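Only one structure is covered here, and it is reproduced in the block below.
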Amino acid sequence: MGLHNPFRYTTVKMKLSTFILFSFCFYSCFSDQAKDYPLTVVEEAEIESHNEAIVEDDDYKEDQEIFYPTREWQVVKPGQAVPAGLHIRLNLQTGQNEAKLLDENDDLKSQESTHRKSDGYTTKELKEALAKFKEGTESQDPKNEKAYIEDVKKKFRPIEELKKSFSELNIRVETDFEIMTRIINTFNNSISTTDEKVHALYDLEYYVHQVDNAQNLFKSGGLQLLINSLNSTEPVLIEHSAFVIGSALASNPKVQVAAFEGGALQKLLVVLAMDNEPSVKKKALFALSALLRQFPYAQQQFLKLGGLQILKNVFKGKNAEMLYVRVITLMYDMIMEKMLNKESNITQKNERIQQYEQINILPAITEQGWCTMISNLLNLSENDAREKVLKIVSILITPCRNEFLKDQNLHTALDSLKKEYEDLASEEQSAGEKDGYFNELHNLIINIVDKLK
């Protein structure tokens, strides 16, 4: 009973040594195969992820049980440390996490990409990203969107509520008509100073650009007040009144007729005939042009009242250079209107064509000596002014032919401009502009020269 069995002791010792040696060899082999893989932990609540391992925080326990992967799927126990770079999945049948080594035929780039990804994110970061994704999805929910809209509406007050608040504060929103009426009353008030009246006219001009406002100006009697103020002894009031009248008449036939009937044509011609400052005549020309354009009957009366002669006298005034282009442009527009309407064959315009036929502007131009005077305007320095003069010269070649042929200054000016615009047109073409502005002017001069041969 108490005898010692040396054979049994030796056998147990050999078995123990063999187990230790086998464990050491297995661990060494595995370490050589996956020595670069950091250890990760798969928690019970984690969802399946292919080729991506979750890196545990640095302060995680180092004494956790290590998971040793093989080429076959193995169950990962809760709390085991799992090397990165493995295939990890959630077995839907058993509900357990499983992992295995990558297959030998897996793409190396895929392994490297997986390794980089697994080293770049922690469990905490992935959970936060998932939470943000859920928040973004919820924000697109129609119910949330509707709640957002309702929240925005609460920040703004309905218009009816605002009107009620304004009423309680004795604040009332004025219409354009009410504002214009108040401005006109200020202008017409005898106790208003000249500066106050000028300021009122300045404000009124802003509103009359609209067609309806201009017609309301006429209906309220404000237009007639402005026409009457053209007789004022204050040049500054004449200037600003003419400015408002011109803005109200522009492209507004009803107001044009009302202004004509109110005596605007006669009063504007008087302003131009008198020795007023160029700035006053400039605004009067603006109003006159707005009155006459597309209004053949007013153009007939303009000629009968000696309008062309009054415009010719404008050139004799001091510092009148700023008016030259406006006068020439008005005459050119009147001539072209008649020509274009004469060529029209639309039945509904027959009455207008008959009205334009009664406008004898070309004979009046030649009789009053405009031919020689117009050619002298080619000496203007601005290209825009030259263009307007060249255009009216081109349409006056037939009635002014004899005067143009005798006018040596005209030929000299045309030769000089032809050379100048030829050089400028060449520069345009070099810059890639085949039909540039200077090329058009050059062709216009060539056309005039050819017709005068």
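These figures come from a predicted structure and were not determined experimentally. The figures here come from the full heavy-atom set of this structure, side chains too, leaving out hydrogens, waters and symmetry mates.
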Looking only at side chains, do [X] and [Y] share a donor and an acceptor under 3.5 Å apart?
X      : Y      : result
His199 : Asp195 : no
Asp407 : Thr372 : no
Tyr437 : Glu428 : no

request  = Determine, step by step, whether Glu239 and Lys281 satisfy the salt bridge (Lys or Arg N to Asp or Glu O under 4.0 Å) criterion, reporting the C-alpha distance in whole Å, the side-chain angles of both residues, the deciding distance to 0.1 Å, and the verdict.
outcome  = CA-CA 8 Å; Glu239 178 182 348; Lys281 291 186 177 183; over 6 Å; no

Within a 6.0 Å radius of atom [atom1] on [X], are there more than 12 heavy atoms belonging to other residues, nucleotides or ligands?
X      : atom1 : result
Met336 : CE    : yes
Tyr297 : OH    : no
Gln429 : CD    : yes
Asp384 : CG    : yes
His411 : NE2   : yes
Asp450 : CG    : yes
Lys312 : NZ    : yes
Phe218 : CZ    : no

Ignoring hydrogens and geometry, is there a side-chain-to-backbone donor-acceptor pair from [X] to [Y] under 3.5 Å?
X      : Y      : value
Lys338 : Ile359 : yes
Ser416 : Thr412 : no
Gln300 : Gln355 : yes
Asn439 : Ala425 : no
Asn313 : Gln309 : yes
Arg401 : Lys451 : yes
Asn447 : Asn443 : no
Gln256 : Leu291 : yes

request  = Return the set of residues passing side chain to side chain contact (heavy atoms under 4.5 Å, CB included) with Glu422 (not counting sequence neighbours), or none when no residue passes.
outcome  =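 By the side chain to side chain contact (heavy atoms under 4.5 Å, CB included) rule, Glu422 matches Lys419, His442.
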
With Glu196 via side chain to side chain contact (heavy atoms under 4.5 Å, CB included) - residues at least two apart =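 For Glu196 the side chain to side chain contact (heavy atoms under 4.5 Å, CB included) partners, ignoring immediate neighbours, are Ser192, Thr193.
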
request  = Test salt bridge (Lys or Arg N to Asp or Glu O under 4.0 Å) on Lys391 and Glu387 and set out the steps.
outcome  = CA-CA 6 Å; Lys391 285 183 176 180; Glu387 179 187 7; 3.2 Å; yes

inquiry  = Looking only at the aromatic ring of each residue, does the gap between the centers of Phe243 and Tyr202 stay below 6.0 angstrom?
reply    =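 Ring centres of Phe243 and Tyr202 not closer than 6.0 Å.
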
ask   = So, do Val393 and Leu377 sit near enough that their side-chain heavy atoms are less than 4.5 Å apart?
value =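 With C-beta onward as the side chain, the pair stays apart.
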
inquiry  = Just verifying a value: how many Å separate Leu330 CG and Ile335 CD1, rounded to the nearest 0.5 Å?
reply    =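 Reported to 0.5 Å precision, the distance equals 10.0 Å.
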
request  = Give, for atom OG1 of Thr181 and atom CG of Asn216, the distance between the pair rounded to the nearest 0.5 Å.
outcome  =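 Rounded to the nearest 0.5 Å, the OG1-CG separation comes to 8.0 Å.
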
query = salt bridge (charged side-chain N to carboxylate O under 4.0 Å, His left out): which pairs involve residues 290-300, sequence neighbours left out?
reply =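 Salt bridge (charged side-chain N to carboxylate O under 4.0 Å, His left out) check on residues 290-300 returns Arg293-Asp333.
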
task = Measure up the Tyr421 and Phe438 rings against each other and bin them: parallel (under 30°), tilted (30 to 60°), perpendicular (over 60°).
result =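 Parallel: the ring planes of Tyr421 and Phe438 meet at under 30°.
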
